[in-house]
Structures are given as C-alpha cells and as structure tokens.
Number of protein chains: 2
Amino acid sequence: MSELASQTYTRADEAFDCLQTAIVKGDLAPGDKIGELDLCSRFELTRGPLREALGRLESRGLLVRRPHAGVKVVSVSASELVELYRIREVMEGLAARQAAERMTDQEIADLQATLNTHEAMIDEARGQAYYQAEGDYDFHHRIATGSRNTKLAQMLLGDLYYMVRMYRYRLSTSAGRPHLALGEHRRIVEAIAQRDGELAEFLMKRHINAARKNIEKKIEEGLLTI
Amino acid sequence: MSELASQTYTRADEAFDCLQTAIVKGDLAPGDKIGELDLCSRFELTRGPLREALGRLESRGLLVRRPHAGVKVVSVSASELVELYRIREVMEGLAARQAAERMTDQEIADLQATLNTHEAMIDEARGQAYYQAEGDYDFHHRIATGSRNTKLAQMLLGDLYYMVRMYRYRLSTSAGRPHLALGEHRRIVEAIAQRDGELAEFLMKRHINAARKNIEKKIEEGLLTI
DNA sequence: ACAACGTATATTGTCAACAATACCTGAGTC
DNA sequence: GACTCAGGTATTGTTGACAATATACGTTGT
C-alpha cells in the first residue's frame with residue numbers, strides 16, 4: 001500500500017493498517033462504541049501508537065471520536081454511498097483525462113494486460129467475485145496513479161476507495177454487470193491509448209454513473225438499506 | 001473551524017490547530033526538518049498530543065514523516081498548485097450543482113448577503129486583501145457545505161482548501177481580478193437561486209478554470225516559481 | 001412513581017521515563 | 001586526499017503510570 005516501503009515499519013503504521021482493514025472488512029461494525037483497551041488487546045498494541053492511528057483514521061473520516069466518550073466506526077447510510085459515487089464520478093473523470101495525457105506507453109500496455117486477465121477470469125466463470133472486488137479496484141487504482149496528479153491520487157486511493165470498499169464488503173454490492181463493466185473499462189483504456197483525454201473523461205464519468213444508478217436501483221428495491 | 005465545538009477541547013486538537021495554521025500561514029517553512037521538541041516548546045505542548053496531531057497532519061498530506069528521521073512540511077511546487085486547481089474545478093463544480101439542488105432559501109439569501117458585503121469592501125478599495133483571502137474562502141466554504149454532501153464538504157474544507165490557502169499565504173497569489181471574481185461569484189449564486197444545477201456547475205468550473213489560468217500565466221512570467 | 005442530583009467507576013487524555021534508530025563525526029585505510 | 005566504516009549522540013518511537021472526565025448507577029426529594 002505504501003509506495004516505497006519506508007524500510008522501518010512503525011507500530012503506529014501497523015496499527016493504522018490493522019484498523020483500516022478491520023473497518024473496511026467489517027470486522028469492526030459501524031456504530032459500535034469500541035474501547036481503546038479492547039483494540040489494544042485485539043491487535044497486540046499499546047495505547048500510544050493506537051491513539052496515533054485512531055487520529056489518522058478520524059482525520060480520514062472512517063471513525064468518529066468524542067473526547068472522553070470513545071471511538072466508534074462511522075455509521076454510513078445508503079444515501080451517503082450514492083454521494084460517494086457522485087464524487088468518484090467527477091474525480092475519476094479528471095483522473096482518466098489526465099491519465100490519457102500522461103501515462104507512459106508501458107503503463108497503458110500493462111493496463112490492457114490486466115483487462116485481459118480480468119476477461120479471462122470472467123469467461124472461466126470463476127473468480128467473478130475477485131474481478132468485482134480487487135480487479136475493479138486495480139483498474140481504477142492504475143488510472144488514479146497514472147494521472148500523475150499526486151493529490152488527486154492521494155484523495156482517491158487514501159480516502160474514497162477505502163470508504164467504497166467498506167460498503168462493498170459490508171453489503172456485497174457492486175454485484176452484477178461484470179461483462180458490462182469490462183466493456184466499459186475497455187473503451188476507457190482505448191480512449192487513453194489514443195490519448196483522447198476528453199473522451200476518456202466522458203467514458204469514465206458514464207461508467208461510474210452507471211455503477212451509481214445500479215446501486216440506486218438496488219436501494220429502490222429495498223435490497224440495500226443499511 | 002470544528003463544526004459543533006465538542007465542548008471539551010483536547011490538547012491534541014489544540015496541537016492540530018496550531019500546527020495547521022502555522023503551516024498554512026507559512027510560519028513553518030516547507031522543507032524544514034523540524035524537531036518534535038522544538039515544536040513542543042514552541043506551542044507549550046507535550047509530545048503525546050503533538051505526535052497525535054502530527055499523524056493527522058501527515059494523513060492530510062500537509063507534512064511528511066520519515067521514521068526516526070523527523071518531520072518536514074511538505075514542499076510544494078508550482079505545478080502541484082495547478083494540479084490542485086484542476087481538482088477544485090471538478091469537485092467544486094459538483095458542489096455547486098448539488099448546492100443548487102439542496103441549499104435552503106435562507107442559505108441562498110445569506111450567500112447573496114455575503115456577496116454584497118464583499119462588493120462593498122471592494123468598492124471602498126479597502127480590504128481587497130481580505131476579500132481575496134477570507135472572502136473568497138467564505139464563498140466557496142458556503143457552497144461546499146450547501147452541497148449537503150458530507151464527504152465532498154469534508155474533502156474540500158478539510159484537505160484542499162488548507163493546501164490552497166498555504167500557497168496563497170506563501171506567494172500572495174490569487175492577486176488581481178477581484179471585480180472579475182465577484183462577477184463570477186454573482187452569476188454562480190444566480191444559477192443556484194434559480195435551482196439550475198447544471199448551469200451552476202458550468203459556471204463554477206469556468207470560474208476556477210479562470211483562476212487556474214491566472215496562476216499559470218504568473219508561472220509563465222516567472223513570478224511564481226517556488 | 002418519577003425526576004434530579006451526587007457519587008463511583010471505567011475509560012479516555014496526558015505525562016515523563018525508557019528503548020531503538022538514523023544521522024553525524026572521527027579515525028583509519030586505499 | 002577521498003572514501004569507508006565504526007561509534008557516539010541526539011532525536012524519534014514506545015511504554016507504563018497518572019490525571020481528568022463522561023457515563024452509569026444509586027440515592028433522595030417531590
């Protein structure tokens with residue numbers, strides 16, 4: 001996760017990663033008032049590094065802290081998930097545009113290669129779950145970093161994606177439309193390969209828009225109330 | 001700054017605010033390897049809360065930490081400032097759109113009132129600096145919160161604006177075009193008042209685009225190399 | 001019986017001492 | 001003279017104990 005692996009891995013970093021994955025995977029349910037001591041014993045940590053990690057997580061909006069009252073995982077509503085996708089739409093649109101302008105040919109080739117891998121997985125009808133979870137993440141991850149926009153990548157990779165993945169784990173949403181999504185991914189990469197930033201932005205926005213509408217539909221059907 | 005003033009203000013919060021303003025105002029120069037003890041004596045703090053604040057700041061990208069090597073304020077380049085404005089363009093565009101859909105009539109009235117205040121200040125030719133620094137910030141702040149998009153507002157207010165303000169203090173950029181900016185602000189508010197989200201988004205994007213081009217021009221002229 | 005208050009407890013916030021590590025200085029060698 | 005390597009030092013990371021506060025419970029008064 002960390003870019004160039006700062007040789008020494010501090011306890012606070014460890015705590016941060018543990019907590020983050022625990023929150024994302026749903027091991028720490030939202031709304032729970034969870035004590036620091038519980039967390040310490042759970043992750044074999046002491047309170048110092050733990051508190052530092054809690055501060056970071058709070059700053060990223062994954063949990064909320066009330067002084068002397070405790071920490072709880074942020075409770076999330078379905079409508080907020082939709083809001084997240086609206087943000088993704090504009091930010092990843094920008095990322096796609098800049099990626100088209102700035103990615104190296106090698107990076108584009110790699111991106112196409114990952115898409116082929118994903119296609120193979122879907123055709124074999126196994127690992128659909130993988131494709132939707134990690135594969136999709138991988139695709140968007142590459143474009144975010146390919147934008148060469150440090151802050152943009154940081155916001156997408158460090159904030160938004162974790163929140164989206166949190167929802168995904170919790171509700172196993174984003175189900176369905178694997179072939180559809182792959183096709184959309186292909187078109188986006190095509191536009192990037194042709195260095196057509198405007199088109200790449202348009203396609204990416206439409207892609208995420210479609211994902212959002214898919215989620216909204218599920219909410220309508222009452223499958224997604226949190 | 002904190003939304004509903006959590007009665008008790010912890011030392012870590014204090015440290016966080018002190019450091020943030022110090023960074024934004026330029027009292028802590030970027031690139032400086034600044035020691036924890038120095039900071040402690042400077043802000044009358046102890047290392048515990050300080051470290052917690054440092055973690056939060058690092059998480060927000062205002063400073064970088066290398067284990068056992070120290071903390072330094074993130075050094076920023078002119079090109080990265082431009083990248084920031086590209087992000088602002090799409091995010092604030094979205095904010096304007098959602099604000100047009102969701103702001104209360106009262107909020108819109110307040111927004112118009114602040115614009116009148118700003119105009120009076122400019123006409124009196126005093127407080128231009130104020131208008132450009134705090135006034136502009138105030139305008140964008142209101143729209144961000146008016147979007148009713150929690151995460152969007154959090155990202156704009158908690159991350160992007162601090163970075164932009166950091167640059168502003170440091171280079172006293174964003175100079176010029178006060179009347180121009182005010183006119184653009186007025187048109188945006190008009191669109192919001194008419195509940196025309198699409199237009200509000202378009203105008204906001206163009207507004208920030210203009211600001212970005214203004215900065216790029218200065219960079220061309222060599223006035224803004226960092 | 002219900003409400004309000006005061007106390008008790010458990011949890012969080014804070015502090016100061018200890019341990020580990022990166023950087024710097026100096027000597028030695030090529 | 002320049003480079004390498006080793007040790008010292010200062011700074012950071014970590015720990016455990018202490019202080020402050022919010023919640024919960026029991027008591028008391030109406």
Side-chain angles (χ1 to χ4, degrees), chain A residues 1-20 22-23 28-75, chain B residues 1-20 22-23 28-75:
Chain A
M1 196 77 349
S2 46
E3 6 287 286
L4 57 117
S6 53
Q7 267 93 329
T8 46
Y9 190 64
T10 157
R11 300 286 267 188
D13 294 333
E14 188 186 331
F16 181 75
D17 288 349
C18 285
L19 285 177
Q20 180 152 262
I23 292 171
L28 264 50
D32 288 10
K33 273 133 200 153
I34 191 146
E36 293 185 359
L37 300 172
D38 299 356
L39 291 173
C40 288
S41 57
R42 191 163 176 170
F43 296 107
E44 307 270 338
L45 293 162
T46 70
R47 284 185 59 217
L50 181 91
R51 283 179 62 79
E52 218 176 297
L54 290 177
R56 287 198 239 175
L57 268 316
E58 185 195 20
S59 178
R60 294 202 179 181
L62 263 66
L63 46 83
V64 292
R65 269 170 120 176
R66 264 199 348 223
H68 294 281
V71 178
K72 73 172 194 219
V73 179
V74 71
S75 42
Chain B
M1 198 81 340
S2 48
E3 6 287 287
L4 57 117
S6 52
Q7 268 93 332
T8 47
Y9 190 63
T10 161
R11 302 285 264 192
D13 294 332
E14 188 186 331
F16 181 75
D17 288 348
C18 286
L19 286 177
Q20 181 153 261
I23 292 172
L28 264 50
D32 287 11
K33 272 134 200 152
I34 190 142
E36 293 185 0
L37 299 172
D38 299 357
L39 292 172
C40 288
S41 58
R42 191 162 176 172
F43 297 108
E44 306 270 339
L45 291 163
T46 167
R47 284 185 58 217
L50 181 90
R51 283 180 61 78
E52 218 175 299
L54 290 177
R56 287 198 238 175
L57 268 317
E58 185 195 19
S59 178
R60 294 202 179 180
L62 263 67
L63 47 81
V64 291
R65 271 170 119 177
R66 264 201 347 225
H68 294 280
V71 178
K72 72 171 196 226
V73 179
V74 72
S75 41

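Both backbone and side-chain heavy atoms feed into the values below; hydrogens, waters and symmetry mates do not. Throughout, a chain's letter reflects where its sequence line sits, starting with A, and its residues are numbered from 1.
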Q: Within this structure, what is the NE2-to-C1' distance between A:His68 and C:dG13, rounded to whole angstrom?
A: 5 Å

Q: Report, one pair per line, the protein and nucleotides 14-18 of chain D atoms (nitrogen or oxygen only) whose separation is under 3.5 Å.
A:
residue	atom	partner	partner atom	Å
D:dT14	OP1	A:Thr10	OG1	3.1
D:dT14	OP1	A:Arg11	N	2.4
D:dT14	OP2	A:Thr10	OG1	2.9
D:dT15	OP2	A:Thr46	OG1	2.5

Q: Roughly how many Å is it from CD in B:Glu36 to C1' in D:dT11, rounded to a whole number?
A: 8 Å

Q: I'd like to check B:Asp32 versus B:Lys72 (side-chain heavy atoms, cut-off strictly below 4.5 Å). Are they in contact?
A: no

Q: Can you tell me how far CD1 of A:Ile34 sits from CG of A:Leu19, rounded to the nearest 0.5 angstrom?
A: 8.5 Å

Q: Does the side chain of A:Arg65 get closer than 4.0 angstrom to OP1 or OP2 of C:dG13 through an N or O atom?
A: yes

Q: Could you state the CG-C1' distance from A:Leu50 to C:dT14, rounded to the nearest angstrom?
A: 15 Å

Q: Would A:Lys33 and A:Asp38 count as a salt bridge (Lys or Arg N to Asp or Glu O under 4.0 Å) here? Give the steps.
A: CA-CA 11 Å; A:Lys33 273 133 200 153; A:Asp38 299 356; over 6 Å; no

Q: Would you mind telling me which of B:Leu45, B:Leu37, B:Val71 makes a side chain to side chain contact (heavy atoms under 4.5 Å, CB included) with B:Leu50?
A: B:Leu45

Q: Rounded to the nearest Å, what distance is computed from the CG atom of residue A:Leu37 to the C1' atom of nucleotide C:dG13?
A: 13 Å

Q: In whole angstrom, what separates B:Ile34's CD1 from C:dC23's P?
A: 18 Å

Q: Would you mind reading off the distance between B:Leu54 atom CG and D:dT12 atom C1', rounded to a whole angstrom?
A: 11 Å

Q: Using atom CZ of A:Phe16 as one end and atom P of D:dG13 as the other, report the distance to the nearest whole Å.
A: 16 Å

Q: Would you give the length of the straight line joining atom CG of A:Leu62 to atom CD1 of A:Ile23, rounded to the nearest 0.5 angstrom?
A: 5.0 Å

Q: So if I take every side-chain heavy atom of B:Ala69 and compare against C:dC23, C:dG13, C:dT11, which nucleotide ends up nearest?
A: C:dC23

Q: Side-chain contact test, heavy atoms from C-beta onward, threshold under 4.5 Å: evaluate it for A:Leu28 versus A:Leu39 and give yes or no.
A: yes

